[in-house]
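One structure below.
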Amino acid sequence: MRKKKLWNADCEEKNIPVSLVDTEKKTDDYQKEKLAERAAYFLLDGVPTFAVNKENGRYRLLASEADFLAVKGAGITQIPAKVYCFTEKDAEIFTILSRAKDPNVGAMEEAYLYGRLCKEFAFKQDDVAVLVGKSRPAIANTMRLLSLEPEVVGLVESGRLSAGHARTLVKVPKDKQYAFAMEALKRDYSVRKMERAVKAFLTPPEVLAMEKKDANEAKSAELKEFVERMRKVFRTKVSLIGNGKKGRVYIDYYSADDLYRFEELLDIIERFEEQ
């Protein structure tokens with residue numbers, strides 16, 4: 001898929017004064033310990049290159065605000081920067097995309113960011129997928145989180161409920177979503193188990209009974225085929241009692257030749273395993 005061209009992405013790389021860079025957030029918006037830790041890292045390993053937009057003789061930071069504030073707090077006065085000349089709209093899109101591609105972004109925030117691109121800037125999911133380097137189904141799955149009830153969203157944002165668990169609730173009536181989520185937490189459901197619980201809730205009992213019957217019949221057919229294969233290999237009567245989980249297999253023999261043939265088959269299997 002061809003990457004959608006949003007703007008002229010040409011930029012100038014140069015060092016700029018920290019004092020001329022404006023940010024939306026301030027130091028107090030972050031944990032001081034985290035900023036101090038990042039500052040120490042940058043003092044030892046060097047300052048990263050920041051993306052900024054030139055506006056009226058000053059610069060607006062487009063991404064990595066926490067890192068910039070850590071650098072500023074460390075007393076560094078000059079930073080390497082990629083200086084763009086975006087329109088206000090393009091600068092906002094660039095900022096959203098940068099945040100969405102951050103590997104540390106939370107699932108719900110990621111969904112909000114994709115939603116903004118589609119709703120406010122008329123992007124299609126295919127466009128978003130190309131721009132953030134993910135598949136369209138991955139974008140669609142993340143955006144499905146936006147349809148959840150606020151209480152469930154809160155569980156995801158707090159980290160109590162995973163995005164995978166939350167996505168299974170999308171088809172559940174909204175007034176039942178939170179109860180399902182709490183039950184999953186109480187019983188420590190895996191995503192797979194929660195999917196089965198949701199399916200059982202949404203599927204009429206008669207349909208579930210029919211599916212179970214079909215599955216049992218399929219297993220029975222597989223076992224019959226397995227027994228028939230054994231009869232052809234051993235060239236004698238083979239009987240099976242049980243189901244797909246447990247049971248017994250009986251192999252009849254009628255002469256010493258039958259036993260000798262079975263022994264030859266075992267020798268072949270053992271030699272193959274020793275290779």
Side-chain angles (χ1 to χ4, degrees), residues 107 111 129 134-145 147-149 151-152 155-156 158-275:
K134 294 186 177 182
S135 67
R136 193 205 63 78
I139 301 300
N141 277 335
T142 299
M143 291 185 65
R144 291 173 70 194
L145 297 173
S147 65
L148 295 170
E149 277 291 276
E151 293 86 353
V152 178
L155 292 175
V156 179
S158 67
R160 294 184 61 193
L161 191 71
S162 77
H165 285 85
R167 274 192 291 270
T168 67
L169 299 175
V170 171
K171 294 182 180 180
V172 175
K174 290 196 172 184
D175 61 338
K176 299 289 192 299
Q177 288 179 356
Y178 184 71
F180 255 93
M182 295 307 294
E183 185 71 10
L185 293 174
K186 178 181 177 181
R187 297 180 179 272
D188 195 25
Y189 279 174
S190 65
V191 174
R192 196 66 175 270
K193 191 168 184 179
M194 194 162 176
E195 287 175 345
R196 291 197 294 267
V198 170
K199 180 181 179 181
F201 175 76
L202 296 175
T203 306
E206 59 271 17
V207 175
L208 287 175
M210 183 62 69
E211 289 180 350
K212 184 176 181 179
K213 179 182 177 182
D214 291 343
N216 288 336
E217 289 179 352
K219 288 181 180 179
S220 178
E222 290 175 359
L223 287 174
K224 288 179 180 178
E225 182 182 354
F226 175 64
V227 169
E228 187 60 32
R229 287 175 60 198
M230 293 181 69
R231 286 172 180 166
K232 290 179 180 178
V233 171
F234 290 112
R235 286 182 284 166
T236 187
K237 181 181 178 181
V238 177
S239 304
L240 183 146
I241 299 176
N243 52 39
K245 293 184 178 179
K246 61 182 180 178
R248 292 185 178 87
V249 176
Y250 296 93
I251 303 174
D252 292 356
Y253 65 93
Y254 301 96
S255 66
D257 288 341
D258 287 340
L259 288 174
Y260 180 69
R261 189 169 60 255
F262 299 161
E263 186 178 5
E264 284 184 321
L265 290 171
L266 286 174
D267 287 342
I268 293 172
I269 294 173
E270 288 176 345
R271 285 199 298 269
F272 178 79
E273 291 180 342
E274 290 173 357
Q275 291 180 356

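Just so it is clear, the structure is predicted and the values come from calculations on it, not from any experiment. Values below: every heavy atom of this structure, side chains too, minus hydrogens, waters and symmetry copies.
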Report task. Check step by step if salt bridge (charged side-chain N to carboxylate O under 4.0 Å, His left out) holds for Glu228 and Arg231. Result -> CA-CA 5 Å; Glu228 187 60 32; Arg231 286 172 180 166; 3.5 Å; yes
Requested in this report: Give the C-alpha distance, both sets of side-chain angles, the deciding distance and a yes or no for side-chain contact (heavy atoms from CB on, under 4.5 Å) between Arg187 and Met182.
Outcome: CA-CA 9 Å; Arg187 297 180 179 272; Met182 295 307 294; over 6 Å; no
Requested in this report: Report the C-alpha distance between Leu265 and Val233 in whole Å, list the side-chain angles of each, state the deciding distance to 0.1 Å, and finish with yes or no for side-chain contact (heavy atoms from CB on, under 4.5 Å).
Outcome: CA-CA 9 Å; Leu265 290 171; Val233 171; 4.0 Å; yes
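With rounding to the nearest 0.5 angstrom, the CD1 atom of Ile251 is 4.0 Å from the CZ atom of Phe234. Separation of atoms CD1 (Ile139) and CZ (Arg144) is listed at 14.0 Å; rounding is to 0.5 Å. How far CG of Leu185 is from CD of Glu183: 9.5 Å, rounded to the nearest 0.5 Å. Taking OH from Tyr189 and CG from Leu161, the interatomic distance works out to 13.0 Å, rounded to the nearest 0.5 Å. In this structure, the separation between CG on Leu148 and CG on Leu169 is 6.5 Å, given to the nearest 0.5 Å. In this structure, OG1 on Thr168 lies 14.0 Å from NZ on Lys199, to the nearest 0.5 angstrom.
Checking side-chain atoms of Glu151 against main-chain N and O of Tyr178 turns up no donor-acceptor pair under 3.5 Å. Of the possible donor and acceptor atoms, one in the side chain of Gln177 sits under 3.5 Å from a partner among the backbone N and O of Val172. Proximity of a side-chain donor or acceptor of Arg136 to a complementary backbone N or O of Ala129 within less than 3.5 Å is not detected.
Of all heavy-atom pairs between Arg261 and Arg235, the closest is CD-NH2, 2.7 Å. Of all heavy-atom pairs between Ala107 and Thr142, the closest is O-CG2, 4.0 Å. In terms of heavy-atom proximity, His165 sits nearest to Ser190 at NE2-C, 3.5 Å. Between Ser147 and Val170, the shortest heavy-atom distance links the atoms OG-CG1, 3.6 Å. Taking all atoms of both residues into account, the shortest heavy-atom contact from Val191 to Ser162 is CG2-OG, 4.4 Å.
More than 12 non-hydrogen atoms from other residues, nucleotides or ligands lie less than 6.0 angstrom from CD of Glu264.
In this structure, Leu202 and Pro173 have side chains that are in contact, with non-hydrogen atoms separated by less than 4.5 Å. A heavy-atom distance below 4.5 Å is not found between the side chains of Lys237 and Tyr250. Contact check for Phe262 versus Thr236: side-chain heavy atoms found under the 4.5 Å cut-off.
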